[in-house]
Student: 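Handing you this structure, nothing more for now.
Nothing fancy with the numbering, it's 1 onward along the sequence. First listed ligand is number 1; within each ligand, the first listed atom is number 1.
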Amino acid sequence: MNEAIRQATGNPQARADLPVLSVVVPTFNERDNVPKLYRKLETALSGLAWEVVFVDDNSPDGTWEVVRELGRQDGRVRCVRRIGRRGLSGACIEGILASSAPYAAVIDADLQHDETQLPKMLSFLERGEAELVVGSRYVEGGSADSFDWHRAGASTLATEVAKRVLGVRIADPMSGFFMIRRDRFEQLAPKLSTQGFKILLDIVATAHGGLRTVEVPYTFGSRLHGESKLDSMVALDFLGLVLAKFTNDLVSLRFLLFAMVGGSGLFVHLGTLFVGLRVLDMSFAKAQALGAFVAMTTNFILNNFLTYRDQRLRGFAILGGLLAFYIVCSVGLFANVGVAFSVYDREPIWWLAGAAGALMGVVWNYAMSGLFVWRKR
Ligand code: GDD
Ligand code: MN
């Protein structure tokens, strides 16, 4: 052991209140729920050494201020305030990594999960009977009665897909309520996706059946205050995760969306070309240039709303981003034509050369857009 660490751990006071369990709570606009959850945790976990880490994505309702205030009164309450980022999975990952307790739980802030199960979940891990304990709605004794029919249907469908496509063997891989051993989590963390909602599914799929798992039934309640942040985009997130895990992280949803948007640009281009030639009576060169310009613009708008919605450009940043996108795509066009020509030179098969050029273009545009247009802050 390193000398500096030995000195610190030699001090009994430093060890006195070390938490055994870190409860990680992702929050976005949960101001009114936070104090209630804190009280409930205090009751449920009394007698245990615990802490709670709220990870708030700079909520407009000031959730993090409420957490800070609690933290001033109780050292077990901690707050990670993330700025310029959004996402449930990423928040959970950072929350777990921000703590050092040997066990970490994830629970929603809105009291829909049953915090009274936590001691029981912990005891499975402490006794070494499991490495992961899942709060499950779909084992005997659990339920999700508060779901309306379309949400229940979507949940069942997603669970089925996860089981069949990814070979996941637990009953409720879509649950957002679970507890895991820190060392096992730290091993998997570099491979987890920070995008999307489905962190448990990601953990289970990434571990490839290597986590000893126990499921504990609970009843999914109704939300106390505020509203759900799950929108129709979760379906997309889910498909992206399944795709990424199915192809062993070769194909990401982002790339697929980017390529699909690019494909839509082809139709926009041809449509504009047609209008330019037939309606506006332009020369071919001008109509072609107009087509490229309009297609790049619609591609940018679609990518900003879909492909990069988690880091969407807003306000004036849209103009800067659009200009950068024009430049990136123009260079991409040269790369596209260059590759197509050199392939055609060697092997004069028009579709092969065309496809090689298009692939080069989309890969270039994707890589460069990520660097210069929608770069991570
Ligand atoms: N930091 C952060 N960032 N937190 C977020 C974000 C985000 O972008 N989006 C949502 N949250 C927080 C919410 O504030 C809440 O505490 C928790 O994540 C769950 O979000 P809800 O909006 O309440 O989701 P839900 O109730 O519809 O679905 C939940 O339960 C399902 C069943 O267990 C989620 O946990 C699902 O993943 C889960 O399948
Ligand atoms: Mn909820």
Student: Does this structure show an ion pair linking E227 with R223, if we count only N-O contacts that are shorter than 4.0 Å?
Tutor: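 Salt bridge between E227 and R223, a charged N being under 4.0 Å from a carboxylate O: no.
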
Student: So which N/O/S atom does D110 have closest to the Mn ion (ligand 2)?
Tutor: OD2

Student: What residue and atom, counting heavy atoms only, is the protein's closest point to atom 8 (O) of ligand 1, and at what distance?
Tutor: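 For this ligand atom, the closest protein heavy atom is R86 NE, 2.7 Å.
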
Student: Is the shortest distance from a heavy atom of F178 to ligand 1 less than 4.0 Å?
Tutor: no

Student: Report the part of A91 in contact with ligand 1, treating N, CA, C, O as backbone and CB onward as side chain, heavy atoms under 4.0 Å; options are side chain, backbone, both, neither.
Tutor: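 The answer is the side chain of A91.
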
Student: Can you tell which part of K229 has a heavy atom less than 4.0 Å from ligand 1: side chain, backbone, both or neither?
Tutor: both

Student: Just let me know how R82 lines up against ligand 1, side chain, backbone, both or neither, with a heavy-atom cut-off below 4.0 Å.
Tutor: neither

Student: For atom 14 (O) of ligand 1, what's the nearest protein heavy atom and its distance?
Tutor: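 That would be E30 OE2, 2.5 Å.
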
Student: So which bit of F54 gets within less than 4.0 Å of ligand 1, heavy atoms only: side chain, backbone, both or neither?
Tutor: neither

Student: If the threshold is 4.0 Å, N to carboxylate O, is there a salt bridge linking K36 and E115?
Tutor: no

Student: Taking 4.0 angstrom as the limit, do R68 and E65 come out as a salt bridge?
Tutor: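 A salt bridge is absent here (no side-chain N lies under 4.0 Å from a carboxylate O).
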
Student: For atom 18 (O) of ligand 1, what is the nearest protein heavy atom, given as residue, atom name and distance?
Tutor: L88 CD1, 3.1 Å

Student: To check your reading of the model: name the closest protein heavy atom to atom 35 (O) of ligand 1, its residue, and the distance in Å.
Tutor: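 The answer is D108 OD2, 3.0 Å.
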
Student: I need the contact type for V55 against ligand 1. Using non-hydrogen atoms and a strict under-4.0 Å cut-off, is it side chain, backbone, both or neither?
Tutor: backbone

Student: Taking both backbone and side-chain atoms into account, decide whether S228 has an N/O/S atom under 2.8 Å from the Mn ion (ligand 2).
Tutor: no

Student: Can you confirm if the aromatic rings of F300 and Y326 lie within a centre distance of less than 6.0 Å?
Tutor: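 Judged by ring-centre distance (under 6.0 Å), Y326 and F300 do not meet the cut-off.
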
Student: Do the charged groups of R81 and D56 touch, with an N to O distance under 4.0 Å?
Tutor: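 Not counted as a salt bridge, because no side-chain N and carboxylate O are separated by less than 4.0 Å.
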
Student: Quick one: does ligand 1 sit under 4.0 Å from the side chain of F220, the backbone, both or neither, non-hydrogen atoms only?
Tutor: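 Side chain only; the backbone of F220 stays clear of ligand 1.
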
Student: Please list, in number order, the atoms of ligand 1 under 4.0 Å from a heavy atom of S228.
Tutor: 22 (O), 24 (O), 25 (P), 27 (O)

